[in-house]
Amino acid sequence: MISVQTEDFDAAAEYAALRDSGAGTGAIATFTGLVRDSGDTQGVSGLFLEHYPGMTEQMIAGLIEEASRRWDVRKARVIHRVGELLLQEQIVFVGVCSAHRADAFSACEFIMDALKTSAPFWKKELSESGEHWVEQKASDVARGEAWNT
Amino acid sequence: MISVQTEDFDAAAEYAALRDSGAGTGAIATFTGLVRDSGDTQGVSGLFLEHYPGMTEQMIAGLIEEASRRWDVRKARVIHRVGELLLQEQIVFVGVCSAHRADAFSACEFIMDALKTSAPFWKKELSESGEHWVEQKASDVARGEAWNT
Amino acid sequence: MTEQTLTVRFFARLREELGTEQLTLPADGEQTAGDLLAALASRGGPWAQLQGGQPVMIAINQAMAKPGSPVKAGDEVAFFPPVTGG
Amino acid sequence: MTEQTLTVRFFARLREELGTEQLTLPADGEQTAGDLLAALASRGGPWAQLQGGQPVMIAINQAMAKPGSPVKAGDEVAFFPPVTGG
């Protein structure tokens with residue numbers, strides 16, 4: 001299930017829903033991203049996140065499908081927030097449940113890395129000195145590409 | 001923080017405590033293991049987990065220290081249950097918060113893999129046909145050793 | 001003959017710098033996304049950055065595409081900077 | 001001279017099959033964990049499995065050790081099957 005939303009999410013409720021997904025589940029891996037001061041700018045107060053409605057949801061569905069082909073995935077949940085977010089707010093949640101530990105970790109990390117490099121989201125950093133669009137990091141691109149080997 | 005306990009744990013409260021760990025945190029990775037029917041035996045109803053009190057806590061503390069040397073770890077939480085557990089009950093929780101996504105994933109997965117191969121816990125499977133001690137899996141040993149390269 | 005146009009959308013930094021969120025352009029027979037970029041760049045001013053400036057990503061009908069990908073009447077073509085989500 | 005013994009502990013399958021959770025043995029000068037295992041194995045019956053049977057892990061004073069590790073008076077020595085936690 002995929003949600004792109006301005007509202008905050010309840011990671012606890014998401015975990016409970018993942019856990020409730022059948023007797024074969026042995027492993028649940030989750031990742032939550034929080035708004036962090038990148039350290040590049042003075043006095044960052046938060047972010048503004050823009051996305052491409054429709055395309056975003058399609059791309060994330062494709063990522064979950066790909067993860068499900070590569071690993072045992074019993075259920076996957078992705079939530080990505082958009083709009084204005086303050087420091088330390090939750091931005092993104094990825095949760096995967098699987099029969100096996102290694103599959104849960106790999107699928108969760110794959111989806112998260114791909115969200116950074118493939119899904120049409122753009123971050124603008126808001127600070128005392130104004131606002132500026134965040135540039136894509138070479139390290140994120142490299143992590144995304146590493147899954148293709 | 002490390003807990004070895006017979007009681008169940010509240011993954012939601014653990015997540016909230018991890019999240020509340022300072023402005024540098026950008027990433028929280030968690031893993032929860034559930035009691036699963038291994039498929040090796042008919043009619044499994046649950047597990048009995050034995051541990052070596054004292055040594056267990058020391059070894060887990062050592063794993064967290066090692067993870068903190070290798071990756072950015074702002075806070076780590078490990079809970080491992082012992083005693084009798086029914087199918088689908090929570091066995092183990094590992095949560096790591098970090099400035100960076102890759103560090104959170106790596107530290108969480110490293111600790112979890114090492115728990116499987118290094119910490120003195122032993123599982124006995126309880127089933128209709130009696131009970132038997134679970135054998136160590138070669139795949140778990142290999143995953144544990146892979147972190148040493 | 002209702003579909004002889006295509007929709008062009010801009011996101012993020014490009015949307016702001018071009019002051020444009022969406023355009024409707026005549027669909028011009030045998031055209032690629034790259035042709036469309038070149039035509040827009042020739043408007044000059046901030047539009048010039050669409051060629052030879054910072055990298056521009058392309059989506060056609062909400063799927064990633066390349067400069068050589070053909071565009072036709074009825075398509076939704078989007079141009080945007082490299083993504084920075086998560 | 002209060003510490004001229006050592007404590008031996010068994011866990012999991014070994015504890016059950018030996019019917020023994022803990023032993024107090026005289027500490028015997030220059031001894032290794034492997035010597036201790038051999039002495040226990042020579043008791044025969046289920047004890048024989050401590051040598052040449054399934055792998056036996058060793059901890060001395062709650063830290064992992066090897067058959068060649070020395071054991072001395074006051075030590076807590078534990079023998080157990082490979083771990084299966086998580």
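Keep in mind that the numbers below use all heavy atoms, side chains included, and drop hydrogens, waters and symmetry copies. Proteins get letters first, then strands, A, B, ... in listed order; numbering begins at 1 in each.
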Which atom of B:Q88 lies closest to which atom of A:R19, heavy atoms considered: O-NH2, 3.0 Å

Part of A:C108 lying under 4.5 Å from any heavy atom of chain B: both

Selection from A:R143, A:R101, A:K116 maximising heavy-atom pairs under 4.5 Å formed with chain B: A:R101

Pairwise distance OH(A:Y15) to OG1(B:T32) - rounded to 0.5 angstrom: 3.5 Å

Contact class of A:F31 relative to chain B, heavy atoms under 4.5 angstrom: both

Interface moiety of B:A99 toward chain A, non-hydrogen atoms closer than 4.5 Å: both

Side chain, backbone, both or neither of A:D10 within contact of chain B (heavy atoms, under 4.5 Å): neither

B:E109 CD to A:S106 OG distance, which is reported to the nearest 0.5 Å: 6.0 Å

Under 4.5 Å from a heavy atom of chain B, the part of A:E14 involved: neither

Toward chain B, the part of A:A102 with a non-hydrogen atom under 4.5 Å: both

